[in-house]
Every structure is written in C-alpha cells, then in structure tokens.
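Below: the structure, in structure tokens.
In what follows, every chain begins at residue 1, and chains take the letters A, B, ... in the order their sequences are listed.
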Protein chains: 2
Amino acid sequence: MERTYRALVVEDQTLMRLALMDQISTAFENAAVLGAQTLEIALYELANENFDLVIIDPGLPGFDPTSQDDRLSVVSRIIEASPTALHAVITGSDSTAEADQFRGLGAVAYLGKTGLEPGMLCDVLDDISTSGFSIRLSRVTMTVPDYCHSALTPREQEIINLMARREPGMSRIQIYEQVAGKLGIDRDSAEKYFKKARAKIMKSDHKLPVGI
Amino acid sequence: MERTYRALVVEDQTLMRLALMDQISTAFENAAVLGAQTLEIALYELANENFDLVIIDPGLPGFDPTSQDDRLSVVSRIIEASPTALHAVITGSDSTAEADQFRGLGAVAYLGKTGLEPGMLCDVLDDISTSGFSIRLSRVTMTVPDYCHSALTPREQEIINLMARREPGMSRIQIYEQVAGKLGIDRDSAEKYFKKARAKIMKSDHKLPVGI
DNA sequence: CCAAATAGGGACAGCCCTATCCCTTTTTTT
DNA sequence: AAAAAAAGGGATAGGGCTGTCCCTATTTGG
C-alpha cells in the first residue's frame, strides 16, 4: 500500500467541492481528501495536518469577490499555513494577470472552472512535475451536448458520450475499436455496451441524443 | 414505466454541469438530461425538443458577467425558446434583487451555488409545486469538513460523513439508529459499515477525520 | 450477387457493493 | 459486580455492473 496522499479542497460551492474531492480520490490509489467551505475551516485543518495538495477557490464567503486584495489574501494565508503542499488555484473568472499574481505567491497551478473536465487532474499534475506550473484558462470546447440517462450504467453513459463525440467519417467498427482502446476493454464489449445503451434509451424515450 | 422526464442544464463549468445533470438523473426514475456549455448549444437543443425542466447559469461564455442586461438576456432568450418548461436560475453570485428580476421573466427558482447540496432538487421542486417559486440564497452551513477516501465504498463514505456531523451528546447506538433511519437500513448494518469504514481508514492512514 | 457491416440479442463468470445476522473481547457506565 | 456500550470481525445471500464470447437476422456497399 502506497503512502496516503492527503489533499484539501477549499471551495464554497458544495457541488463543485464534492466533484473536485471525487476527482482527487479517484485519481489516487490511496487518498484522503478533506473539503472546507470557508477559510476558517481550511485554516483549522491546515493547522492539524500536513497536506500534499491544496486546491483553492479564492472567492470564499466573507470576502469581497470584486476585491483583488481579498482574493490574494485568501490564497496567501492558505499557502503560508501549508508551506510544504502544492497549491492549485481554481476560479470561475480567470485571467492571465491573476495567474501571474498567484504564481508569485507560490501557487503551482491556475485553473479556470469553465472547461475543467473530469480526469484533468492527472494532466495538471503532469504539467506541474514537468514544468513547475500548470495554467488552464477557461475555454469553450463543447460541440455536442452532454447526455445522461437514469437507465444507463456508468459504462454505458461513458460509451454513449464517447460515441456522440466521434469524428465523422469513421465506420462503427473503427469507432468501437477506438473507444475500446480508450477504456481498456475489447472491441466486442464496447460494441455490446453501446448497443445495450441505445436499446435502453429507445425503449424508455423513443428519442436518441444528437450524434447517435 | 413512467414518462421520460426531460431536462436541460445550461452551465459553462463542466464539473458543475455534470454534477447538476447527475442530480437530476438520480432524482427521477426515468430522466433524460442534456447538458449545454453555451447559449448556442442550448438554443439548438431547445429548438429540437420539449423539456420539462431547464436549469440556467446566466454567466455564460461570450457574455459580460458584470452586465445585468447580459444575464437577463440569456435567461429571457432561453425562457422564450421553451415556454412550457420550468426554469431554474442557478448562480454563484446571488442576490434577492436579481431573484426578483428573473422571477419577473418567468423563472420558478433562483438558487445560489454556495450551499446548494446533493439532494436539494427534490426540495426545490417541492417549493415550486407548493408555492410556485423556490429561492435558495447562498449561505454557509458547514461546521465539519467533508471527508472522502479512496478506499471507502459510497455507503461507507455516506455513513462516515453522517457520523462526523452528529449532534454531540448522543450515544453511538442512538446515532446508529438515527443514521440507519435516514438511509433506510438496519441499525446493525449502519454500525457495521461505520466500523468497516473506520477500520479501512485506520489501516491506510492511521489518522481519523474530525468528529470520528 | 457476395461480403462486410450493423442491429439486437443470450449466456456466463467474476467481482464488488449491499444488507443482514452472527460472534467474541474490551471498555465504560451504573 | 453487573449491565450496557463499544470495538472488531466472520459468514452469507442477493444484486448489479463488468467483460467476454457467441448467436442470428438484416442492411449496406463494392
């Protein structure tokens, strides 16, 4: 068993905080992740434990979201309270200027919430260990809507969404091959999951999502 | 099989959009949920399908987040494109004044992202059918940090977090009883899951979260 | 027309999560 | 000291998800 990887997510929006915590806990074999909604709770935890990674949204309750001083103060207080950790700033309203400011405080990543997708954590950590800093400004990448249906298993969801985003002009078999490669399963299995998912949707809904 | 409940989530932050979609798809027996990152994608979907529920974050890419006209315009265009749907506005920076403005446009809910927790959707829909409007302004409720560990199953996670938030002064047995009631399982099972979870954490981490 | 691709299934084993019931030992409380 | 509470575990049945292999029609493309 590897050493426990310790992380703290400081973010006031509960759904986002839980999503980030889930990202971290699934990215590591053995991770313990704490979530703090306020600076007070964060500082309390930082005083009692050493963390490997701290993710910070500077727009916390009790601070003026339009005041750059407030944002900088939140991050700098957290960094001072955990000098050995890696610090990633995540924000809804990002700018290169602000990225530089936080980098000056010692942060190793600056991430815009828009376009920050599941699985991005590994890429960010790669950036950090390679170049010492990771910056991901908000950008719009979506061309096809996300789809999600109660009747589908996670695997089926995944394959439906991969299929919907396929590049046009490929045969189904080629796509199955490609999707199977991404997921580490057989082409047959990918084909099977896709057909099963489509059948479920047709049965309950009689209307398929775009791209299927 | 009940009729398929159709919902659309218009939100540019991917993790938040997926979290909201997941909330909806698990709240209904049979739901098909689409996610749109931009107004263009949203309007395209609204033109091709009728939705029961549309959730809108007015701070979309391509609009000025500080311009109240832009925010109102996003919501009003979506409402006009789906006159039969219920419309809920969700925002990171909420105010009662803005809530009134969106209500004037026809929205039936105004939700602040801070403090918007998993499972809140049912309460919001209850508010709407009871009083015609649901407003949930941002507020800080957290007293104990969230906790999440790779080694725990979802059930174990849930029970660990419920236990950490217990009211002081109750015996363990009473708390097991209460938690079991919330989850609809036996007291013995709740006790078992809790002990299993704690043992896993101790084995991998040798450090228990606050409140356990 | 023939071959490939596609649609739409069935069967099966393995695994993990769930939920319940059971047991022993130690600690705390009365 | 006796009773209650708590820690720590074993065994088991059921169910769903996963992944693989296999099957038959039907459609499409060369």
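The interatomic distance linking A:M202 (CE) with C:dA7 (P) rounds to 12 Å, in whole Å. Here C:dA19 presents its C1' atom at 14 Å from CD of B:E191, a figure rounded to the nearest Å. At whole-Å resolution of the value, CD1 in B:I159 and P in C:dC17 are 14 Å apart. Going from atom CD of B:Q157 over to atom C1' of C:dT18 covers 16 Å, rounded to whole Å. The NZ atom of A:K196 sits 16 Å away from the P atom of D:dG19 (whole-angstrom rounding). Distance B:Y176 OH to D:dA4 C1': 14 Å, rounded to the nearest Å. For A:R166 and C:dT6, the CZ to P distance is 10 Å, given to the nearest whole Å. Separating the CZ atom of A:F194 from the P atom of C:dT6 is a distance of 11 Å, rounded to the nearest angstrom.
Distances from the side chain of A:Y193 to the nucleotides C:dA5, D:dT18, D:dA6 place D:dT18 closest. The side chain of A:S171 lies closest to C:dT6 when the candidates are D:dT18, C:dT6, C:dT18. Ranking C:dA19, C:dT6, D:dA7 by closeness to the B:R172 side chain, first place goes to D:dA7.
Aromatic ring orientation, B:Y5 versus B:F28: parallel (interplanar angle below 30°, classes split at 30° and 60°).
Side-chain contact of B:S189 with B:R155: a donor-acceptor pair under 3.5 Å is absent, judged by distance alone. Side-chain contact, B:N30 with A:S150: no donor N or O sits under 3.5 Å from an acceptor N or O. Looking at A:Q174 and A:S171, their side chains do bring a donor and an acceptor atom within 3.5 Å of each other.
Minimum heavy-atom separation, A:V108 to A:I128: O-CG1, 3.5 Å. Between A:P58 and A:F102, the shortest heavy-atom distance links the atoms CG-CZ, 3.8 Å. B:M21 approaches B:V33 most closely through the heavy-atom pair CE-O, 3.5 Å.
Non-hydrogen atoms lying under 4.0 Å from DNA chain D are contributed by A:I185, A:D186, all within residues 180-188 of chain A.
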For nucleotides 9-11 of chain D, give me every protein contact, N/O to N/O, under 3.5 Å, one pair per line with atom names.
{"unit_1": "D:dG10", "atom_1": "N7", "unit_2": "B:K192", "atom_2": "NZ", "d": "3.4"}
{"unit_1": "D:dG10", "atom_1": "O6", "unit_2": "B:K192", "atom_2": "NZ", "d": "3.0"}

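Rounding to the nearest 0.5 Å gives a distance of 12.5 Å between CD1 of B:I185 and NZ of B:K192.
Contacts of B:D94 classified as salt bridge (charged side-chain N to carboxylate O under 4.0 Å, His left out), with partners at least two apart in sequence or in another chain: none.
Counting any heavy atom pair closer than 4.0 Å across all strands shown, A:T153 reaches sugar-phosphate atoms only and no base atom.
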